[in-house]
Q: 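What follows is a structure written as structure tokens; I'll ask about it next.
Start at 1 and go down the list; that is how both ligands and their atoms are numbered. Given the structure is predicted, the values throughout are model-derived calculations rather than measurements.
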Amino acid sequence: MPTKALWGDGRLCYGGDWNPEQWPPGVWREDVALMRAAGVNLVTVGVFAWSRLEPEPGRYTLGWLDRVLDLLHAGGIRAALATPTASPPPWFSLRHPDALPVTADGVRLTHGSRDTYCAAAPAYRDAARNITEVLAARYAHHPALALWHAHNEYGTTCHCPHAEAAFRRWLTTRHGDLDALNDAWATSFWSQHYSDWAQVGAPRATQYLANPGQLLDFRRFWSDTLLSAYTEQRDLLRAANPQVPITTNYVLGDWVPVDHARWAREVDLVAVDHYPSATGRGAEEQTAFAADLARGWARHGAGKPAPWLLMESAPNQLHTAGRMHTKEPGRMTRHSLAHVARGSAGVMFFQWRAPAGGAERFHSAVVSHAGADTRVFREATALGAALGRLTGTAPGRVEATVAIGYDAASDWALRHPGMPRAGLDHCGEAAAAHRALWHAGVTADVVPPGTPLDGCRLLVLPALYLASDATVDWVRRHVDAGGHLLVTWLSGVADEHARVRLGGYPGAYRDLLGVRVEEFHPLADGERVPLTGGGTGRIWSETVHPAGAETVSAYAGGVLDGRPAITRHRVGDAYAWYVSTRPDDDTYRRLLTEAARLAGAVPTCPGAPPGVEAVRRHDGDGSLLYLLNHTDEPQRVPAAGVEMLTGEAVGSALTVAPGGVAVVREEPS
Ligand code: GLA
Ligand code: GLA
């Protein structure tokens, strides 16, 4: 694997996006000196520098980048050199108006922000390949180059004629012929039957509900189209020097049309950007979930546990509901080390230095508008030192015995119009299951269907709506091997084309679960239905008929009074649970704790007090126990070994400071 080049020296990656094109050379020298002081060893360069690299078509001004890379090399700092293709220069848009993207409403966007191009437009692809080749030819053997960072956050879609033509070509590959497409999209409904490929279009704005199969395929088409834009850059970069690893930074969010699991096989290193949207404890919950998602993609891509990289995170801010919240002291370090604990090969920030102008002038930065004599810079420097003490601990394997199934296409399909309830959200349901386990102290993998599940005792499928035959087979193999299963409402209801599997829900898993669901009773926003045994259900409820399963908890009141809400089916020595509503957080935590316990999946550090996150990461030398104290009180945690950040020996327990972090190199037991 070329990724060896990244941590061959045993150091974790540390740094962030650096934009020297925004500053005069005097600032570059100051920046490199500050980076060295902060312990930075890797910076992303050139992400949005296209107009400074190619100010006119075919005229290249690379001298400044030569000097920047030489300066980094002299300072002992490595570069993640980006291809700048996420933001074409103004001349490009003026020259190629047909490469500007068209929205579903038919509006052609104009130049003025970033990501304003259509990746199916030949002119865009030609220009992107060209600037990639220019950079590859010049820098593939530069001694500062450690990693290629292709593009930025692939995720832009378009409905223009180029996209439509490419969609049709993609559909012929996917479906073979029109009969298969008509069947997959159920086009007998509403007289949508196609008799010629020319009739098949992109899902532009239409009168009423759009065809769900068409919407889903359009997302898949865009994922594959953007992936081909990535792989063509990757192949050019690789040809120039096969020793340098290549990645692209994944963006998370429900708008993203990219199936990162498919992409994971094409990158040398899975890299993600993460910005929590919650400001309270939710920020820590989201951080853990995002990190586990990234680890799942890495594992999926490699077919075995593999490291990944936090490519962007905010050094000093959280953003929610249109407002910036400054992170409290210590919080940035905890978030950063939570990613490392969960398998990241380092910590990267957006951004190194805050610009005075431009759209993101108030985004977070290590060197803020106030300069480097600041709390955030001091904390970043302390984190750099802490990461230095963890040298030699990456890459490794994170200990987890529960896996949560996550699938981008299920998320897309649940958001389609015409579902039984608005606001259905597979990613949110996966996060809810993860949160419940996080509070129970149980470390979970979050994995796309098909990922090897060795070591997994309990597989959780949270509203995993789509079930291809391959997915069903993956679940069955887990159960056949003695694994426990917990399936929640709306999982396995539809096939890979989003057509309902008939005969009672959830068609894909009825027999495994020993239930048959007859009717849905979605709940209103804010509505709760009481459950026997305590707790409530939210969002959803349904008429469940046991067919072999026992009732664990029933609905108490309403039309479903006395009917099963949560069931359990004995399959061999294991249990297959069915959860027909979304339990409130506390009830979900208790339920998953019990399901995990019966499966033999125990908390990572059973003695850790509430509010202390514990993750165990194995490396060649044994295991490291990461302890993150998210509370305002000192917390006593059982552990034995050597605390790596202080070097102190730990006999049987240690005290983790309020808001602090400890990393214990554990004694082999
Ligand atoms: C209307 C239409 C039907 C169907 C129903 C659904 O009555 O005529 O085709 O869409 O609404 O409620
Ligand atoms: C993304 C982008 C960055 C920047 C940050 C701001 O992750 O990749 O360029 O816009 O968000 O949060």
Q: Answer with yes or no whether R114 contacts ligand 2, where contact means a heavy atom under 4.0 Å from a ligand atom.
A: yes
Q: Salt bridge check: are E328 and R334 linked by an N-O gap of less than 4.0 Å?
A: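 The answer is no: the pair does not qualify as a salt bridge.
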Q: Considering only protein heavy atoms, which is closest to atom 8 (O) of ligand 2, and at what distance to one decimal place?
A: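 Going by distance alone, atom 8 (O) of ligand 2 is nearest to E312 OE2, 2.7 Å.
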Q: Within the 4.0 Å heavy-atom shell around E153, which atoms of ligand 2 are there?
A: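 Heavy-atom distances to E153 below 4.0 Å select 1 (C), 2 (C), 7 (O), 8 (O).
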Q: Establish, yes or no, whether a centroid distance under 6.0 Å links the rings of H335 and H274.
A: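 Ring-ring flag for H335/H274: false, centres at least 6.0 Å apart.
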Q: Is any side-chain N of the basic residue among R138 and D66 closer than 4.0 Å to the acidic one's carboxylate O?
A: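 Yes.
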Q: Heavy-atom count around R421 CZ within 6.0 Å, excluding the residue itself: above 12?
A: yes
Q: Counting each atom of ligand 2 from 1 as listed, which ones have a heavy atom of F48 under 4.0 Å away?
A: 9 (O)
Q: Checking contacts here: is it the side chain or the backbone of D17 that comes within 4.0 Å of ligand 2, counting heavy atoms only? Could be both or neither.
A: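 The answer is neither.
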Q: Using a strict 4.0 Å cut-off to heavy atoms of E360, name the atoms of ligand 2 that fall inside it.
A: 4 (C), 6 (C), 10 (O)
Q: Under the criterion ring pair (Phe, Tyr, Trp, His ring centres under 6.0 Å), which of Y117, W263, Y250 is the partner of Y154?
A: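 Of the listed options, the one satisfying the test is W263.
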Q: Given W489, which partner from the list F520, Y465, W540 fulfils the ring pair (Phe, Tyr, Trp, His ring centres under 6.0 Å) test?
A: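 Testing each of F520, Y465, W540 against W489, the sole residue satisfying ring pair (Phe, Tyr, Trp, His ring centres under 6.0 Å) is W540.
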Q: Quick test: of every protein heavy atom, which one is nearest to atom 6 (C) of ligand 2, and how far off is it to 0.1 Å?
A: H363 CE1, 3.5 Å
Q: Can you tell me which residue and heavy atom of the protein come closest to atom 10 (O) of ligand 1, and the distance to 0.1 Å?
A: W190 CZ2, 4.4 Å
Q: Quick one about T287 and H339 (side-chain donor to acceptor, distance below 3.5 Å, no hydrogens or angles considered), yes or no?
A: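 Not at all, the side chains of H339 and T287 share no donor-acceptor pair under 3.5 Å.
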Q: Atoms of ligand 2 less than 4.0 Å from N152 heavy atoms?
A: 2 (C), 8 (O), 9 (O)
